[in-house]
Amino acid sequence: MTSKIIIIIGSISGAISVILGAFGAHALKDSLTASGRLDTYETAVKYQMYHSLALILLGMLMLQFQHKFLNYASYSFLIGMVIFSGSLYLLCATGITKLGAITPIGGLFLIAAWVLMAIGVGKTAL
């Protein structure tokens with residue numbers, strides 16, 4: 001992916017996390033509290049926002065540094081956000097607790113993305 005596309009995706013994902021956060025705090029608060037899932041929902045929103053910002057940072061880094069590991073990091077961030085936050089959003093919406101079993105897979109992709117980003121920058125010449 002190009003740095004421009006990564007920054008755009010990160011920006012859109014950040015906007016979506018704000019929308020979902022506001023929706024959860026207002027429209028869904030009572031049902032999330034009643035089901036005991038408010039903290040889970042907030043975790044999904046936080047991680048989506050953190051990693052949206054990470055994508056924007058990665059896109060900016062790619063303007064300075066060129067390495068295939070940075071591209072791998074972008075895909076890993078995207079996959080990780082979808083699996084991690086997506087599984088938590090679905091868990092909150094459906095109550096299907098088995099969805100929580102796939103959340104750590106998303107976390108592994110997010111960890112890998114941070115490591116790939118560090119390696120990608122480390123392997124480039126200044």
Side-chain angles (χ1 to χ4, degrees):
M1 275 190 282
T2 67
S3 59
K4 183 177 181 178
I5 296 294
I6 293 167
I7 293 169
I8 290 169
I9 291 170
S11 299
I12 292 169
S13 177
I16 291 169
S17 68
V18 172
I19 292 166
L20 291 175
F23 190 63
H26 300 288
L28 298 177
K29 187 174 184 179
D30 292 341
S31 65
L32 290 169
T33 302
S35 67
R37 299 277 184 228
L38 183 59
D39 288 342
T40 303
Y41 191 86
E42 289 175 349
T43 298
V45 172
K46 275 193 293 191
Y47 272 70
Q48 183 178 350
M49 178 56 82
Y50 296 154
H51 292 93
S52 297
L53 294 172
L55 274 175
I56 294 168
L57 170 65
L58 178 60
M60 292 173 17
L61 283 171
M62 289 174 75
L63 294 171
Q64 176 69 30
F65 302 105
Q66 304 297 316
H67 197 279
K68 64 183 176 184
F69 281 15
L70 296 176
N71 201 39
Y72 299 158
S74 68
Y75 288 108
S76 191
F77 274 128
L78 286 171
I79 293 166
M81 285 187 341
V82 168
I83 294 173
F84 186 90
S85 292
S87 66
L88 293 179
Y89 291 135
L90 286 172
L91 170 65
C92 291
T94 65
I96 300 171
T97 56
K98 291 183 181 184
L99 288 168
I102 65 167
T103 305
I105 296 168
L108 290 174
F109 274 97
L110 295 173
I111 293 166
W114 287 104
V115 172
L116 289 165
M117 186 165 65
I119 293 169
V121 170
K123 287 187 171 280
T124 58
L126 291 178

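Any value given below was found using the heavy atoms of this structure, including those in side chains, with hydrogens, waters and symmetry copies removed. Counting begins at 1 with the first residue of the sequence.
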With side chains defined as the heavy atoms from C-beta onward, is the minimum distance between [X] and [Y] less than 4.5 Å?
X: Ile12; Y: Ile8; value: yes
X: His67; Y: Val121; value: no
X: Thr2; Y: Met62; value: no

Can you check whether [Y]'s main-chain N or O pairs, donor with acceptor, with [X]'s side chain at less than 3.5 Å?
X: Ser76; Y: Ala73; value: no
X: Tyr41; Y: Leu20; value: yes
X: Ser35; Y: Leu32; value: yes

Looking only at heavy atoms, which two atoms of [X] and [Y] are closest? And how far apart?
X: Leu110; Y: Met81; result: CD2-N, 3.7 Å
X: Met49; Y: Val18; result: CE-CG2, 3.5 Å
X: Ile96; Y: Leu91; result: O-CD1, 3.0 Å
X: Ile102; Y: Ser87; result: CG1-CB, 3.7 Å
X: Phe84; Y: Gly107; result: CD1-N, 3.8 Å

OG1-OH distance between Thr43 and Tyr89, expressed to the nearest 0.5 angstrom: 10.0 Å
Between OG on residue Ser74 and CD1 on residue Ile9, distance to nearest 0.5 Å: 8.0 Å
Whether His51 and Trp114 hold their rings parallel, tilted or perpendicular, with breakpoints at 30° and 60°: perpendicular
Whether Phe69 and Tyr72 hold their rings parallel, tilted or perpendicular, with breakpoints at 30° and 60°: tilted
Residues Thr124, Gln66; criterion side-chain contact (heavy atoms from CB on, under 4.5 Å); working and verdict: CA-CA 7 Å; Thr124 58; Gln66 304 297 316; 5.6 Å; no
Gln48 and Ser13 side chains, donor-acceptor separation under 3.5 Å: yes
